[in-house]
Amino acid sequence: MTVYFYRDRFVESGQSAVPIEERAYNYGDGIYELVRFDQGRPVGLDEHLERLETSAAAVRLRLPFPLAKIRAIVVEAASRVEAPVVDVYFQISRGEAPRVHAFPEAEPVLALFAKPGKTYTDEFRRAGVSVITVPDERWSNCYIKSLNLLPNVLAKQAAVEAGVYDAVFVRDGFVTEASASNVFGFHAGTFHTAPAERGILNGITRRFIIAAIRELGLPLCEERMSAKFFEQEVEGAFITSTTMDIMPVCAINGRVLPSLAENSPVWTVLNRMRELSRGAGLSVG
Ligand SMILES: Cc1ncc(COP(=O)(O)O)c(C=O)c1O
């Protein structure tokens, strides 16, 4: 069961036809967020809304409604879906206008869908997922959560065709992130992840994980991780996103990583991160 919102109201599937000259459609001219509700409680909603504002400002996009109203629509959408875990995807485009590149005189448009979220069993996580590395051919402003995801689509397809779960981007010899998630490595007792620079999306889950690692007093190296280090040396790795939490990696370009023990630091961080992200009012800004 999916709930849709378009422009100014909730609509039935099929009533939400998008005009052909809509800038999200023609140019990918817009931004988006995806927030998860777990047992009715949003995970990191403040952080997602704040990132939406950051993305909007970065591409000079006016929000169609005040943030409080967008929040209320997101919460209302989630409440209309009867499922223990609900994902709400919402995007804002620069609107409908005759197709010319420069900003048109148009009203920005909110489009949203909410549906039951996919969850993974601990058994699935324990087995982990395999990844390949691919060249990061995206633009240099990946901190903006823009609708332009063609390189991400191509990277994920390359992974599927290689028979693995996901693709990890490498730019100038360093790991940036994965096709729809952030990447962490684990080596000699230290967690490694790329710093939140312009070239990666500063994932909300990433922030919860960093908060968990710090709170547990475990070493964290938030510096660029070379592809060689990631591909050849890390003893453990995981990818992180709103829809996956932490997903352990079991193989990188065919190099098999040792399976994770229940008492390993990665599992400890996973469990603590879940508690933190579900805790009321935690800010990981
Ligand atoms: C490219 C990319 N990096 C990282 C993430 C993880 O972000 P978050 O944890 O906020 O879901 C996503 C999520 O969609 C993404 O698309």
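Heads up: numbering here begins at 1 and tracks the sequence. Ligands are counted one by one from 1 in listed order, and the atoms in each one are counted from 1 as well.
Ionic pairing of Glu33 and Lys145 is not present here: no N-O contact between side-chain nitrogen and carboxylate oxygen is shorter than 4.0 angstrom. Between Glu215 and Arg272 a salt bridge is recorded (basic side-chain N to carboxylate O distance below 4.0 Å).
Taking the six-membered ring for Trp and thresholds of 30 and 60 degrees, Phe184 and Phe238 have nearly parallel ring planes, at less than 30 degrees apart.
Residues forming a ring-ring contact (aromatic ring centres under 6.0 Å, His included) with Phe186 (at least two apart in sequence, or on another chain): Phe191. For Tyr25, the side chain to side chain contact (heavy atoms under 4.5 Å, CB included) partners two or more places apart in sequence, or in a different chain, are Ile20, Glu22.
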Can you list every pair where an N/O of ligand 1 is under 3.5 Å from an N/O on the protein?
residue: ligand 1; atom: 3 (N); partner: Glu177; partner atom: OE1; Å: 2.6
residue: ligand 1; atom: 9 (O); partner: Ile204; partner atom: N; Å: 3.3
residue: ligand 1; atom: 9 (O); partner: Thr205; partner atom: N; Å: 3.0
residue: ligand 1; atom: 9 (O); partner: Thr205; partner atom: OG1; Å: 2.6
residue: ligand 1; atom: 10 (O); partner: Arg51; partner atom: NH1; Å: 2.9
residue: ligand 1; atom: 10 (O); partner: Arg51; partner atom: NH2; Å: 3.0
residue: ligand 1; atom: 10 (O); partner: Ile204; partner atom: N; Å: 2.8
residue: ligand 1; atom: 11 (O); partner: Thr242; partner atom: N; Å: 2.9
residue: ligand 1; atom: 11 (O); partner: Thr242; partner atom: OG1; Å: 2.6
residue: ligand 1; atom: 14 (O); partner: Lys145; partner atom: NZ; Å: 2.8

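Applying the salt bridge (Lys or Arg N to Asp or Glu O under 4.0 Å) test to residues at least two apart or on different chains, the pairs with a partner in residues 105-118 are Arg62-Glu107.
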